There are 2 protein chains.
Amino acid sequence: MPEPPPTPNARMICKLDSIFPLSEEERQVLEHLPVLVKRLKADQEIVSLGERPQQCCLVLEGLTCVYKLSYAGRRQIMALHVPGDMPDLHSLHLAVMDISIASVSSCTVGFIQHEDLRRVCERFPRLTAAFWRETLVDASIYREWLLNVGQRDAYTRLAHLMCELYTRLSAVGLTDERTFELPITQDELADTLGISAVHVSRTLQALRGDGLIETARKRVTVPSWSKLQEAGEFDPLYLHLQGRHAA
Amino acid sequence: MPEPPPTPNARMICKLDSIFPLSEEERQVLEHLPVLVKRLKADQEIVSLGERPQQCCLVLEGLTCVYKLSYAGRRQIMALHVPGDMPDLHSLHLAVMDISIASVSSCTVGFIQHEDLRRVCERFPRLTAAFWRETLVDASIYREWLLNVGQRDAYTRLAHLMCELYTRLSAVGLTDERTFELPITQDELADTLGISAVHVSRTLQALRGDGLIETARKRVTVPSWSKLQEAGEFDPLYLHLQGRHAA
DNA sequence: CGCGCAGTTGACGTATGTCAAGACAGGTGG
DNA sequence: CCACCTGTCTTGACATACGTCAACTGCGCG
């Protein structure tokens, strides 16, 4: 649905608006929020555990991840964020970061000051609700990932993740027919799914062998959506892509 | 810190207040929110996947869980809630339930109408922030559980859960020196940790054998907090029990 | 053209799952 | 107060999905 963004904030506004229709005034206010745009290479830290940021991050291009390390040094990626997402919106009300955020691919991100966000939320309570809702959808995704990691085998888990990414990228207009860019390594997929990189490799081969996905240099194509969806036990309900009043 | 609650809402108010100091007026308003109190036996469904509730649930006594089923019928418990928690606060902004909620032990819960909550949030924007914050802490716990289930072995995972429950119960005054009630079966622990019930049994024995916990009829005692904490790689940061301005 | 990272492959190890039988305990009825 | 009964927990034998290690391949980038 959305066009390439003319201003940095457009991505965010478009996403908010799609499920929570904004008034012209609200849209204007958001449009004029000051944003500091930054380009990043792959694997750069954006915010770190323990910090007390004064700003929120907004993904404009590329892929970012939220992660944490166990004491044994194993990394769990607990979220992947696509353009339009705000990976650390929660820092608005949680003083200290309990996670780290990094770029996965090279990407461009924007930073919006907490005080600016707070100001617009005060003036427009509906925007508070819209941002709050965004953090609730994030939480819903964490829940689904817990189900994924806790109860599904590697094959189903990977299929599920592919379905989710396809769906979320689709929602922001970043899929092309039946394919999408997935600028991520198998190592990162492993940390996301809680399995080893070797096993990711084998599992991807299994999915390819079963004709559920095709991969060619960081690009995934889905020959049959319904088959992949079934293999991944994917029900998009938890993404809450319909607004409050939709079926 | 809190005394046994004189009114149903006291638990919630006390919890909100402890990290987000409320004014007398705000406290009064919350105090007078109408609550429908219900007693439940163990294993009763409170809200179900797919529903569109018009109210939020507030745990007053006992333990409740948030869960989801995989297509294979395996259950993942993605959250446990103790008195003072509101397991489905997110339903305020997410129309349809993406999870189910059930009692774990026999317990008593309160129900507060969405419209009542929305009304107080409108009149007292600071309360909006306080409730929003609650949902953000829930999300933070989901993240930690993802790390737990995705990267830690069963032994560490269980120790971690024990640490978390001890800490959270402590925060609402429900621990007694070094012990706490844990009215949960090993089956439910298994579904929480993403391991089998048999393995929970063995892992509990290992923890007991190492002197990290003692168990006697649904009551857990922690002989050495620092040892258990180390075994569970537990850092309470993610629980955000300090307010915005604490160290 | 070659360097280096990402991906692949095979052999082998292990944490955890499954099944099924048995022990225990807490609540209920006589 | 005892006896039973059901749900919970325990135990052992065995199965398996996935991890680890290490060598090899291949592709994209300079």
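None of these values were measured; they are calculated from a predicted model. Letters A, B, ... mirror the listed sequences (proteins, then strands); counts begin at 1.
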Legend entry - Within the 6.0 Å centroid threshold, strictly below: His160(B) and Tyr238(B):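 Yes, they do, as the ring centres are separated by less than 6.0 Å.
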Legend entry - Check: Trp225(A) ring centre within less than 6.0 Å of Tyr166(A) ring centre: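 Yes, the ring centres sit under 6.0 Å apart.
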Round to a whole Å and report the spacing from [atom1] of [X] to [atom2] of [N].
X	N	atom1	atom2	result
Leu207(B)	dC9(D)	CG	P	15 Å
Asp187(A)	dA6(C)	CG	P	7 Å
Leu204(A)	dA6(C)	CG	C1'	12 Å
Arg219(B)	dA25(C)	CZ	P	19 Å
Leu189(B)	dT8(D)	CG	P	12 Å
Ile184(B)	dG7(D)	CD1	C1'	16 Å
Ile195(B)	dG17(C)	CD1	P	6 Å
Leu193(A)	dG19(D)	CG	C1'	15 Å

Inset, instruction - From the options Val47(B), Ile101(B), Val96(B), select the one residue that forms a side-chain contact (heavy atoms from CB on, under 4.5 Å) with Pro53(B). - result: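 Going through Val47(B), Ile101(B), Val96(B) one by one, the side-chain contact (heavy atoms from CB on, under 4.5 Å) with Pro53(B) is satisfied by Val47(B) alone.
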Under 3.5 Å, side-chain donor or acceptor atoms of residues 34-42 of chain B against the rest of the protein: list the pairs with distances, not counting sequence neighbours.
none

When we call it a touch if two heavy atoms are under 4.0 Å apart, what does [X] touch: a base, just sugar-phosphate, or nothing?
X	answer
Arg217(A)	sugar-phosphate
Ser196(B)	base
Ala154(B)	sugar-phosphate
Val198(A)	base
Arg152(B)	nothing

Below 4.0 angstrom from OP1 or OP2 of [N], is there any side-chain N or O of [X]?
X	N	result
Thr185(B)	dT8(D)	no
Gln186(B)	dT10(D)	yes
Lys218(A)	dG7(C)	yes

SB check [X] [Y] (cutoff 4.0 Å):
X	Y	answer
Lys68(B)	Glu144(A)	yes
Lys218(B)	Glu181(B)	no
Arg152(A)	Glu233(A)	yes

Legend entry - Closest to the His199(B) side chain, choosing from dT16(C), dA6(C), dC9(D):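 Ranking dT16(C), dA6(C), dC9(D) by closest atom to the His199(B) side chain puts dT16(C) first.
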Legend entry - Terminal helix-axis angle for the helix from dC1(C)-dG30(D) to dG30(C)-dC1(D), with five pairs defining each axis and rounding to 10 degrees: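 That helix gives 40° between its end axes.
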Legend entry - Test side chain to side chain donor-acceptor pair (under 3.5 Å) applied to Asp176(A) - qualifying residues, sequence neighbours left out: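 Asp176(A) satisfies side chain to side chain donor-acceptor pair (under 3.5 Å) with no other residue.
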Legend entry - Pair of N/O donor and acceptor under 3.5 Å linking dG10(C) base with Arg202(A) side chain: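 Between dG10(C) and Arg202(A), which were checked side chain against base, a qualifying N/O pair under 3.5 Å is present.
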